[in-house]
J.: 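Got a structure for you, written out below as structure tokens; questions coming shortly.
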Amino acid sequence: MSELLQQLNPAQRRAVEAADGPVLVLAGPGSGKTRVLTHRVAYLIAERDVDPFNILAVTFTNKAAREMKDRLEALVGASAAQTLSMGTFHSLCARFLRRDIVHLERERDFVIYDSDDQQRLMRRVLRELNIDEKRNQPRAVLARISSAKNELVGPAEYADLKHVGLFESNVAKCYPRYQALLQEANALDFDDLLSETVRLFAQYPEVLAKYHDRFSALLVDEYQDTNRAQYLFIRHLAARQRNLFVVGDDDQSIYLFRGADVRNILQFEQDYPEAQVILLEQNYRSTQSILDSAQAVIHASHKPKHLKRLWTENGGGAQVRLHEGYDQDEEAAFVADEIVRLIAAGELAARDCAVMYRTNAQSRAVEEALIRRTLPYQIIGGTRFYERKEVRDMLAYLRVAHNPYDSVSLMRIINWPGRGIGERTEKDLERWATTLGVPIFQALRELEDPATSSPFAVRTITALLGFLHLLDELIAASKTLPIAELIERIVARVAARETLEREYDLLEAEDRWQNLVELRDVAEGYKNLPQENQLSTFLEEVALVAEVDKLDPNADKVTCITLHQAKGLEYGAVFLIGLEEGLLPHSRSVDDRDQLEEERRLLYVGMTRAQHKLYLCCATKRLNYGRTTVSRPSRFLADIPKALLHTPGRRSKAPAAPQATMFSPRSALGDKQPVVGSRYTRPSAAPPPSATRFAAGQQVRHATFGEGIVVTSRLVDGDEEVTVRFSDRERRLLASFANLELVE
DNA sequence: ATAAGGATGATTTTT
DNA sequence: TCATCCTTAT
Ligand SMILES: Nc1ncnc2c1ncn2[C@@H]1O[C@H](COP(=O)(O)OP(=O)(O)OP(=O)(O)O)[C@@H](O)[C@H]1O
């Protein structure tokens, strides 16, 4: 048997070796779905002689694609691995469209508009159509349009739908204009990447045929979270050869809000009646305690279609621990103290710990607590690097240099740095361009002719032309300079550093300047690409990086991440915080049954990220928009049998008076952790492992420290603490982490 | 045209 | 709380 298959259990092997044709691997968390998908790709190349060039694999993140490629390099060589088509739906679609969007009468050097660009564009649309921005918030309008696009409903079809209320008919008015302006700017928004590709496939069979010729094997990870457009994308591609391998778990579907439809995976067998369905039941990630608790949460509400029993050989492990804190600061303090304790106990590094939450705002308290204890950390999400103002301004210059019709970017920088072009002028310019029916850049060009009648004063025209000529210069420069040098040119021409120093105080200016330096450093990485592709590749990748792509698993840091982004990841110890009514389930999701169930799945996803230790945390009071509110534990916690949870004795009194907490950075529990073996109430259920697995005198082996002799072993805090004398010194280890082997 | 200051209102989750 | 919007003064 090939070495490739030896790392798999029989069910996994069956999936990897399945004959050509549709295959559905439906399995719970930690059962090795992603592993199976990777091995399937390797297997096709190594054993079935499939050329990597003919394989298309959709991963959930760009990072997953990169990692998979790296791993496959070892197997098939770097150059072959590079010919694999692997990436997210969005990046694959962008790649296809660069090639074939001309069929849709659009140009291939389109830019990708992200949500900030979209909002700016929508504001212009609302202004133009005289629609009130307060009652019809750009974000809300865009959200409707986004769902429409995900369902492949274009502006015309949308207008034909029944509209309830003023808001919806306003959306119907905005949609066509928004789309027209996108086209004028030669821009596509995120949703267009998918819907336009599907339109391309549907309307141009000869184009689709080309892709059929190329891709003989298709693979999709996290299939349960595909939306209609993504589903159709795959269905078109799979139509001829029907050689489609998908993996997923309906219990982990958490992207309903962006149009994901779990029916895509549940109806796979109807779509492909000849499909082989393979269930994986062994979980390799988590301990039994974690698995039991997680399953209690997910099974409390529904009846699975395919019964996915999950079991593990990882052993019982420590009980899942429930911590009810006083407020969000005490909750964060508990988490941070516990991480400190776990690291001090050995076996567990900062990189093995993750703190997960429902909303990004919750990361703040955690961040502060981690800083206070000087724990290294990385926060995924929140304000992204590419969303910082100064970075976006610089990117706007690059984008206009690359595609001057990008009016959103142009308007962004028309007065940055200040050149005496005020709000009034901006509005007039927009209106004037609209009347002329041309992009802003074109309108500016008209001003060059003194005979043109425009709504501007002579002084204003001078300022506008000055800006236009700056752009001309940068456009010319962009044709010859590598990106990093182009950035330097822009920095010099607009006196970026001085501008920042004028706008902000010293510290802030330096900070923002450093961001520009960092952007230039990123750009350096593109200097070896051919000049004509550099800028477009750079801009595309910048637009499509996901936050998780930036997660660095090698850095020894605690990871703070939203539950959504944590999908697919795993950590030794996981802390889920804010498990309260209003937060999880989130208050905006409680009235809708489907949304409520999704909140439950979100918790399930979070719990099943944990390998050895899982902490469920909530607080009784929380600061919510500057106002303290009382909160109750999440209803989902009630679905976990008490016997599975370890709730260490709670303090009977509220922590010190508010003044005291204000002056002492550490919260009430801070210094007194842990409350082990205290007189406080023990959990009503039988304490977990009632006997130690190890005894004094036994010889054991540890992966890093080698062989040693057990000195003592005792039960602590739901886990077993083993003291072992190794050749260099004694160490106290937690049995659930240490993976100690008995030596005969 | 811009800077400063006060009222106001918003936070789910993401490519 | 914090960021954005709106008013007013320069
Ligand atoms: N046959 C196996 N032998 C040993 N370890 C395995 C095996 N299969 C999977 N694993 C390990 O189990 C863990 C989970 O695997 P993987 O991430 O592929 O699961 P998954 O089903 O995709 O999980 P999820 O749905 O939660 O994202 C990984 O650490 C993986 O290396």
Side-chain angles (χ1 to χ4, degrees), chain A residues 58-63 87-94 112-119 123 133-134 137-140 142-143 146-147 149-150 188-195 222 225-227 229-230 253-260 328 356-365 380-384 386-387 389 415-427 457 459-460 463 502-503 540-549 561-567 578 582-590 592 595-596 598-599 601-603 605-606 622-629:
Chain A
V58 185
T59 56
F60 199 66
T61 63
N62 291 304
K63 192 158 99 81
T88 61
F89 278 107
H90 287 89
S91 55
L92 288 167
C93 286
I112 299 168
Y113 271 9
D114 66 16
S115 33
D116 186 78
D117 303 315
Q118 293 180 48
Q119 275 182 51
R123 276 205 206 96
E133 276 191 49
K134 278 269 148 58
Q137 292 212 359
R139 301 164 39 114
L142 285 164
S146 173
S147 341
K149 287 184 177 180
N150 287 157
L188 272 72
D189 66 20
F190 285 134
D191 304 310
D192 285 338
L193 291 174
L194 304 173
S195 58
E222 305 279 10
D225 269 327
T226 49
N227 63 31
Q230 293 165 334
S253 154
I254 53 173
Y255 280 100
L256 196 94
F257 74 92
R258 64 176 194 202
Q328 75 278 331
M356 301 178 186
Y357 34 79
R358 177 68 231 267
T359 66
N360 283 304
Q362 291 170 260
S363 66
R364 261 200 55 187
I380 308 302
T383 350
R384 313 158 180 219
Y386 293 111
E387 281 171 9
K389 183 182 177 303
N415 200 34
W416 190 88
R419 4 179 119 78
I421 299 170
E423 218 171 315
R424 176 70 203 282
T425 308
E426 291 179 18
K427 297 270 154 65
R459 227 188 51 203
T460 313
R502 194 157 10 92
E503 289 177 342
E540 175 177 317
E541 288 184 10
V542 161
L544 295 181
V545 270
E547 273 309 294
V548 255
D549 293 335
I561 192 170
T562 62
L563 289 165
H564 281 93
Q565 308 209 82
K567 184 161 80 157
L583 225 37
L584 189 76
H586 196 274
S587 47
R588 321 260 292 210
S589 303
V590 285
D592 180 294
Q595 285 185 39
L596 182 67
E598 180 151 304
E599 300 285 306
R601 293 194 293 272
L602 214 38
L603 175 58
V605 166
R622 188 169 292 274
L623 198 62
N624 260 339
Y625 318 97
R627 207 164 285 284
T628 300
T629 50

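Labels below follow one simple rule: chain letters A, B, ... track the order of the sequence lines, proteins then strands, and each chain is numbered from 1.
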J.: Identify the two heavy atoms, one from Asn62(A) and one from Thr88(A), that lie closest to each other, and give their separation to 0.1 Å.
T.: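 For Asn62(A) versus Thr88(A), the nearest heavy atoms are N-CG2, 3.5 Å.
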J.: Holding to salt bridge (charged side-chain N to carboxylate O under 4.0 Å, His left out), I want the full list of residues that pass it with Asp191(A), two or more places apart in sequence or in another chain.
T.: none
J.: What residues form a side chain to side chain contact (heavy atoms under 4.5 Å, CB included) with Thr629(A), not counting sequence neighbours?
T.: Asn624(A)
J.: Is Ser589(A) touching bases, backbone alone, or none of the nucleic acid, heavy atoms closer than 4.0 Å?
T.: base
J.: As a test of reading the structure: which of dT15(B), dT12(B), dT14(B) is closest to the side chain of Gln595(A), going by heavy atoms?
T.: dT12(B)
J.: Determine if Phe257(A) stacks with dT13(B); use a centre-to-centre distance below 5.5 Å and an interplanar angle below 30° as the criteria.
T.: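 Stacked: centres under 5.5 Å apart, planes under 30°.
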J.: Checking only heavy atoms, does the side chain of Arg358(A) share a donor-acceptor pair with the base of dT13(B) at less than 3.5 Å?
T.: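 Side chain to base: pair found, below 3.5 Å.
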J.: Set out, line by line, the N/O atom pairs under 3.5 Å between protein and nucleotides 2-4 of chain B.
T.:
none

J.: Nucleotide by nucleotide, 5' to 3', does protein get under 4.0 Å of the base (B), only the sugar-phosphate (S), or neither (-) in nucleotides 2-10 of chain C, counting heavy atoms?
T.: S--SS----
J.: Does dT13(B) have His564(A) stacked on its base, where the ring centres are within less than 5.5 Å and the planes differ by under 30°?
T.: no
J.: Does Asn360(A) make a side-chain N or O approach to OP1 or OP2 of dT13(B) shorter than 4.0 Å?
T.: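 So the side-chain polar atoms of Asn360(A) do come within 4.0 Å of the phosphate oxygens OP1 or OP2 of dT13(B), strictly under.
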J.: Rounded to the nearest angstrom, tell me the gap between atom CZ in Arg139(A) and atom P in dT11(B).
T.: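 Taking atom P of dT11(B) as the reference, CZ of Arg139(A) is at 4 Å.
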J.: Considering every strand and a 4.0 Å limit on heavy-atom distances, what is the contact class for Arg601(A): base, sugar-phosphate, or nothing?
T.: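 Here Arg601(A) touches no strand at all.
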J.: By nearest atom, which of the nucleotides dT15(B), dA1(B), dT12(B) is closest to the Arg424(A) side chain?
T.: dA1(B)
J.: Of the options dT12(B), dT13(B), dT15(B), whose atoms approach the side-chain atoms of Ala546(A) most closely?
T.: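 For Ala546(A), the side-chain atoms sit closest to dT15(B).
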J.: Between Glu598(A) (CD) and dT13(B) (P), how many Å, whole number?
T.: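 Between P of dT13(B) and CD of Glu598(A): 13 Å.
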J.: Side chain of Tyr255(A): nearest nucleotide among dT15(B), dA10(B), dT14(B)?
T.: dT14(B)
J.: What is the distance, to the nearest angstrom, from the CG atom on Asp191(A) to the P atom on dT15(B)?
T.: 13 Å
J.: Would you say the side-chain atoms of His564(A) pair up with the backbone N or O of Ile254(A), donor to acceptor, closer than 3.5 Å?
T.: yes
J.: Given atom CG of Leu194(A) and atom C1' of dT14(B), what is their separation to the nearest angstrom?
T.: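 Those two atoms, CG and C1', are 12 Å apart.
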J.: With Arg424(A), which residues qualify under salt bridge (charged side-chain N to carboxylate O under 4.0 Å, His left out), at least two apart?
T.: Asp428(A)
J.: What nucleotide among dT15(B), dA1(B), dA10(B) has an atom nearest to a side-chain atom of Phe190(A)?
T.: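 It is dT15(B).
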J.: Phe60(A): what forms a ring pair (Phe, Tyr, Trp, His ring centres under 6.0 Å) with it, not counting sequence neighbours?
T.: Tyr255(A)
J.: Under the salt bridge (charged side-chain N to carboxylate O under 4.0 Å, His left out) rule, collect the residues that match up with Glu540(A), sequence neighbours excluded.
T.: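 With neighbours one apart ignored, the set is Arg98(A).
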J.: With sequence neighbours excluded, what pairs up with Asp592(A) under the salt bridge (charged side-chain N to carboxylate O under 4.0 Å, His left out) test?
T.: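 Asp592(A) satisfies salt bridge (charged side-chain N to carboxylate O under 4.0 Å, His left out) with no other residue.
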J.: OP1 or OP2 of dT13(B) versus the side-chain N and O atoms of Gln565(A): is any pair under 4.0 Å?
T.: no
J.: To the nearest angstrom, how far is Met356(A) atom CE from dT14(B) atom P?
T.: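 Taking atom P of dT14(B) as the reference, CE of Met356(A) is at 14 Å.
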J.: Which residues pass the side chain to side chain contact (heavy atoms under 4.5 Å, CB included) test with Asp116(A), not counting sequence neighbours?
T.: Asp114(A), Arg120(A), Arg392(A), Arg412(A)
J.: In whole angstroms, how far is the P atom of dT14(B) from the CG atom of Asn227(A)?
T.: 16 Å
J.: Heavy-atom distance under 4.5 Å between the side chains of Arg258(A) and Ser146(A), does that happen here?
T.: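 Counting from C-beta outward, Arg258(A) and Ser146(A) never come under 4.5 Å.
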J.: Whole angstroms only, please: what is the CD-C1' distance between Gln119(A) and dA10(B)?
T.: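 That distance rounds to 13 Å.
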J.: Can you tell me if the side-chain N/O atoms of Ser587(A) get under 4.0 Å from OP1 or OP2 in dT12(B)?
T.: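 Answer is no, no contact under 4.0 Å.
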